[in-house]
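Scroll down for the structure; my scribbles are underneath it.
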Amino acid sequence: MKAEELLPDNQNQVTINGQEIRKGSIGAFLLNCKTVINLDKNSNEYKTAMSNIKEQALLLEKIGLFEVFEIKIPEIREVLKNS
């Protein structure tokens with residue numbers, strides 16, 4: 001399956017396993033994960049990114065993303081374990 005078959009250009013969301021997913025959800029999660037790698041854990045930017053990760057992880061877990069992909073960043077793995 002190609003991306004445009006799942007979510008055509010004129011469509012901004014899709015329902016998977018009963019969960020509505022917006023276009024860009026996985027990309028935003030990935031960027032937030034990459035952002036926290038180089039940040040001071042006490043910075044506001046780190047805290048904001050981790051908050052976004054927690055929120056996004058709940059959604060992505062419901063569609064089965066973490067059944068297929070393993071998170072290597074320990075802090076994010078811990079967030080997923082506690083979600």
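Residue numbers count from 1 along this sequence.
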Might you point out which heavy atoms bring Glu20 and Leu59 nearest each other, and give the distance in Å? O-CD1, 3.5 Å
Is it the case that the side chain of Thr15 and the backbone of Gly18 share a donor-acceptor pair, with hydrogens and angles ignored and the cut-off at 3.5 Å? no
Taking distance alone, no hydrogens or angles, what donor-acceptor pairs closer than 3.5 Å link side-chain atoms of residues 26-36 to residues at least two apart or in another chain?
from: Asn32; atom 1: ND2; to: Ala28; atom 2: O; distance (Å): 3.1
from: Asn32; atom 1: ND2; to: Gln56; atom 2: OE1; distance (Å): 3.2
from: Thr35; atom 1: OG1; to: Leu31; atom 2: O; distance (Å): 2.7

With a 4.0 Å cut-off, would you call Glu5 and Lys2 a salt bridge? no
Flag yes if Ile37 and Ile76 sit in one hydrophobic cluster, no otherwise; membership is Ile, Leu, Val, Met, Phe, Trp, Tyr, and two members link when side-chain heavy atoms are under 4.5 Å apart. yes
How about Glu61 and Leu80: do any of their side-chain heavy atoms sit closer than 4.5 Å? no
Spatial distance of atom CD1 (Ile16) from atom CD1 (Ile63) [nearest 0.5 Å]: 4.5 Å
From Asn42 CG over to Asp40 CG, what is the distance, rounded to the nearest 0.5 angstrom? 5.0 Å
Going hydrophobic residue to hydrophobic residue with side-chain gaps under 4.5 angstrom, can you get from Leu6 over to Phe69? yes
I'd like to know if the side chain of Lys23 reaches the main chain of Val14, judged simply by a donor and an acceptor atom lying under 3.5 Å from each other, with no hydrogens or angles considered. no
Hey, what do you get for CG (Asn10) to CD (Glu4), rounding to the nearest 0.5 Å? 12.0 Å
Decide yes or no for Phe66 and Arg77: does some side-chain heavy atom of the first lie under 4.5 Å from some side-chain heavy atom of the second? no
Got a donor-acceptor contact below 3.5 angstrom from the Ser25 side chain to the Ile21 backbone? no
Measuring from Leu39:CG to Glu75:CD, what's the distance to the nearest 0.5 Å? 11.0 Å
